[in-house]
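When reading the values below, keep in mind they use all heavy atoms of this one structure, side chains included, and skip hydrogens, waters and symmetry mates. Predicted, not measured: the structure shown is a model, and the values here were computed from it.
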Amino acid sequence: MKIKYLATLISAAIALSCYGSSSEPVSLPRPEYPRPQFERKDWTNLNGEWSYTFDFGKSGKEHGYSESTGFQNSIIVPFCPESTLSGVGHTDFINAMWYHRNLSIPEDWDGKKVLLNFGGVDYRAEVFINGKSLFTHYGGGASFAVDLTDALKYGENNDLVVYVEDDVKSWQQPLGKQSRRLNSYACFYTRVTGIWQTVWLEAVDQHALKQCRITPDLDGNQFVFEPKFYNVDGSSKFNIKIKDGNKVVCEKTTPASNSSFITAEIKKAKTWSPEDPFLYDIEFSVINKNGETIDKVNSYAGMRKSELRNGVFYLNNKPYYQRLVLDQGYYPDGQWTAPTDEQLKRDIELGKAAGFNGARLHQKVFEPRYFYWADKLGYLTWGESASWGMNWTDKVAARNMLAEWHECIDRDYNVTSLIAWSPLNETWIKDVDGQRNRLTNDLYFMTKNLDRTRPVVASSGGHHAGFTDIYAEHIYVQDPVALYNQLSLNSNGKPWIHHPKESAEYKGECYMIDEFGGIQWNKKMDAPEVATEDAFWGYGQAPQSLDEYYKRLEEQVNVILSLDHIAGFCYTQIVDVELEKNGIYTYDRSPKFDVERINRIFSKPREQARAEVEQMLSTRKEVSQATK
């Protein structure tokens, strides 16, 4: 175990540079500040070696584990126990486990609010300090914080214990692509249990800033801020500075109030786009009645507008064609957790290098650091829940889904690159309480009420049961002529619908193909072997040569680009995942193809694609007639 731990620290330290300031050494795994749109200077990273024990009988509380001072086994946080980077590598089912770590709280933190932050814990987490239960959180994709203040001993050792339950066979919790069988199979992969994102401590003033929504208003050349404070005393002030580099372009000071809407006008505002991802730096300060700054938070935002007009997607008031790629956010050594921050950045660079201007983030709520790099590098993103794995006729499952999705929207509202929400994927929801598709519409309206600035795809991939802003369909027809015939408008001028009997009538919504392709091509990779029930797979018959692969790929992409009623696409997928071998890159992110050639295919002008499709159809027709 010690050898694995040292190896993990060495490998993590190679590519890392520290983002922000931490009291911990940079050799810790994932040392960067985990919440870059709400960053405080003083914080303590709790990643690294913790102790743990499994609790397959769920009898740990009876054994007194909540009062533990340490367990026998070691694990590297923030990596899940199924991963190799955790030093555990236990890939069988883990229905419950316990973590322990010592906390030493500085005496000068006494009188402040001490917050324990978790980026993500799958699925149910109960937090204990010195044997006292403080908080229970449900939801593997949502971040949360626990106020430790009243339970701590300052200047002394404190015992932090986290109890986790993760019942993937319950049908009551979102799983995403986690396998409900022992091994991976089809498009279901190695499970993720427990802590899988950074854990950290912060001490803040009792009147500190808790959250601040930032809404870009491009048409008004302004940002709108909605702050929330832990406590309001009626005398503190809230200061906002917006910077373009070192230049302050706007500054506002208002009373620190939880009911404020603060507008900050930016003259000649610079917009954010994938082609020019400009971001404004923002400083939030809370100032008490004596003029002292009692809290300071660094943030950023882009001036960006995401809108649909008459079935066309507009970015910053201009038509914009989305060329997306499916990204499932899995890693050979970390499962849901990237081994380094640099790897998150590289994933986006790989997508851009292949000709994509964004990604549909699939069946997983991605961590804030991924969105940070998407914002910085200029890469559109769709936010999606890990909705698979639920029994939608179960009221507890529905409640779990609604509550977690609410938290996820709230956490990622400020993300500049995020231009659409998609709560469900290929979800054929049956009757609940006699009302067909009630939950689909509940999710749609809840999402719209929480965020009116972004389009909502109620259920990606068909079965658009009720309301949706984007009518998104999945199609894996491999022959380009058959694909063209199927996706062309019918005699009534309506587009192809995968499940017409189960879906609401198409009413002119924005129409997109947000999954297609998936062409399989297997290439040996340098990555851990994964126990699977099946051999590798992809969609359609595997091409017999690289030339055949390129030809099939280009003809499929040409078809999508050539059809005017299709407002954008999402290709499956950016990297192979375990036994699913249809990525542009291997699972370990090495190239499978000539990336420049791939880029030319996906970034091709639509006019050129139309001409090539016409030529293809003409050639096919001539060949068919000659054959007859």
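Side-chain atoms of T416 come within 3.5 Å of backbone atoms of G302 as a donor-acceptor pair (strictly under, hydrogens ignored). No side-chain donor-acceptor contact under 3.5 Å links E283 to the backbone of S299. Counting only distance, with no hydrogens or angles, the side chain of R346 and the backbone of R589 share a donor-acceptor pair below 3.5 Å. A donor-acceptor distance shorter than 3.5 angstrom exists from the side chain of S257 to the backbone of S259, with no hydrogens or angles considered. Counting only distance, with no hydrogens or angles, the side chain of H464 and the backbone of A472 share a donor-acceptor pair below 3.5 Å. Judged purely by atom type and a 3.5 angstrom limit, Y33 uses its side chain to pair as donor or acceptor with the backbone of F38. Remark: the backbone N or O of Y471 is not paired with any side-chain donor or acceptor of T468 at under 3.5 angstrom. Checked by atom type and distance alone, the side chain of D333 never pairs as donor or acceptor with a backbone atom of L85 at under 3.5 Å. With hydrogens and angles disregarded, no donor-acceptor distance shorter than 3.5 Å links the side chain of H362 to the backbone of Q328. The backbone N or O of G140 lies less than 3.5 Å from a partner atom in the side chain of W196, making a donor-acceptor pair.
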Q: Check the pair Y331, W336 against ring-ring contact (aromatic ring centres under 6.0 Å, His included), reporting the backbone distance first and the verdict last.
A: CA-CA 6 Å; Y331 300 89; W336 271 3; over 10 Å; no
Q.
Walk me through whether D281 and K241 qualify under salt bridge (Lys or Arg N to Asp or Glu O under 4.0 Å).
A. CA-CA 8 Å; D281 293 320; K241 287 182 182 177; over 6 Å; no
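Here the side chains of M512 and F569 are not in contact, with every heavy-atom distance at 4.5 Å or above. Looking at K237 and S285, their side chains never come closer than 4.5 Å, going by heavy atoms from C-beta outward. Within the 4.5 Å cutoff, side-chain heavy atoms of M446 are placed close to those of L450. The closest side-chain heavy-atom distance from Y230 to K113 is below 4.5 Å. Counting heavy atoms from C-beta outward, V224 and I262 have side chains that stay 4.5 Å or more apart. Contact check for Q363 versus E384: side-chain heavy atoms found under the 4.5 Å cut-off. Within the 4.5 Å cutoff, the side chain of F229 has no heavy atoms near those of the H207 side chain. Side chains of T427 and W392 form a contact here, defined as non-hydrogen atoms less than 4.5 Å apart.
Residue pairs meeting the salt bridge (Lys or Arg N to Asp or Glu O under 4.0 Å) criterion with at least one member in residues 439-450, sequence neighbours excluded: R438-D442, K448-D469.
Counted by atom type alone, N400 and Q173 present zero donor-acceptor pairs between their side chains at under 3.5 Å. Neither side chain, Y571 nor D514, offers a donor N or O lying under 3.5 Å from an acceptor on the other. Checked by atom type, the side-chain pair N582/Q573 shows a donor-acceptor distance below 3.5 Å. In this model, no donor atom of one side chain and acceptor atom of the other lie less than 3.5 Å apart for Q343 and D341. For the residue pair Y189 / E82, no side-chain donor-acceptor distance below 3.5 Å is found, with atom types taken as modelled. Side-chain contact of S460 with E426: a donor-acceptor pair under 3.5 Å is absent, judged by distance alone. Side-chain contact, H137 with E404: no donor N or O sits under 3.5 Å from an acceptor N or O. A donor-acceptor pair shorter than 3.5 Å cannot be found between the side chains of N357 and E275.
In this structure, the side chain to side chain contact (heavy atoms under 4.5 Å, CB included) partners of N117, at least two apart in sequence or on a different chain, are R35, L115, A145, W200, E202. Partners of R309 according to the salt bridge (charged side-chain N to carboxylate O under 4.0 Å, His left out) rule, which considers only residues two or more places apart in sequence or in another chain, are E307. Every residue meeting the ring-ring contact (aromatic ring centres under 6.0 Å, His included) condition with F284, not counting sequence neighbours, appears here in chain and number order: F225, F238. With sequence neighbours excluded, the residues that form a side chain to side chain donor-acceptor pair (under 3.5 Å) with T572 are Y476. Take T271 and apply the side chain to side chain contact (heavy atoms under 4.5 Å, CB included) test, not counting sequence neighbours, and it matches L218, N316. With sequence neighbours left out, E265 forms a side chain to side chain donor-acceptor pair (under 3.5 Å) with no residue at all. Shown here are the side chain to side chain contact (heavy atoms under 4.5 Å, CB included) partners of A420, two or more places apart in sequence or in another chain: W382. Qualifying salt bridge (charged side-chain N to carboxylate O under 4.0 Å, His left out) partners for D375, counting only residues two or more places apart in sequence or in other chains: none. Judged as a ring-ring contact (aromatic ring centres under 6.0 Å, His included), and not counting sequence neighbours, the contacts of F278 are Y280. Applying the ring-ring contact (aromatic ring centres under 6.0 Å, His included) criterion to Y585, with sequence neighbours excluded, gives no partner residue.
Using a 4.0 Å cut-off between a side-chain N of Lys or Arg and a carboxylate O of Asp or Glu, D327 and R360 do not qualify as a salt bridge. A salt bridge is defined here as a Lys NZ or Arg NE, NH1 or NH2 lying under 4.0 Å from an Asp or Glu carboxylate O, and R124 with D166 fails to meet this definition. Ion pairing of D122 with R191 is absent here, as no side-chain N (NZ or NE/NH1/NH2) approaches a carboxylate O to less than 4.0 Å. For the pair E367 and R30, the salt-bridge criterion is met [side-chain N within less than 4.0 Å of a carboxylate O]. A salt bridge is absent between D205 and K112; no separation between the charged side-chain nitrogens and carboxylate oxygens falls under 4.0 Å.
Remark: Q178 CD to C80 SG distance equals 8.5 Å, nearest 0.5 Å. Atom CG of residue N47 and atom CD of residue Q197 lie 10.5 Å apart, to the nearest 0.5 angstrom. Atoms NZ and CG, from K210 and N258 in turn, are 9.0 Å apart once rounded to the nearest 0.5 Å. R323 CZ to I560 CD1: the interatomic distance, rounded to the nearest 0.5 Å, is 12.0 Å.
A cation-pi contact, defined as under 6.0 Å to the ring centre and within 45° of the axis, links R454 to Y413.
Outside the 6.0 Å centre-distance limit, the rings of F371 and F366 are not counted as a close aromatic pair.
Just one residue in the list F516, Y321, F356 forms a ring pair (Phe, Tyr, Trp, His ring centres under 6.0 Å) with F602, and that residue is F356.
In terms of heavy-atom proximity, I601 sits nearest to L561 at O-CD1, 4.4 Å. In this structure, W388 and C187 approach most closely via the heavy-atom pair CZ3-SG, 3.9 Å. Contact record, C510 with F313: SG-N, 4.5 Å, taken as the closest heavy-atom pair. A pairwise comparison of heavy atoms in P36 and E39 identifies O-CB, 4.3 Å as the closest pair. Here the closest heavy-atom approach between residue I348 and residue A374 is recorded as CD1-N, 3.2 Å.
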Result block: side-chain N/O donor-acceptor pairs under 3.5 angstrom for residues 249-256, not counting sequence neighbours:
{"from": "E251", "atom 1": "OE2", "to": "N239", "atom 2": "ND2", "distance (Å)": "3.0"}
{"from": "K252", "atom 1": "NZ", "to": "T263", "atom 2": "O", "distance (Å)": "2.3"}
{"from": "T253", "atom 1": "OG1", "to": "N239", "atom 2": "ND2", "distance (Å)": "2.7"}

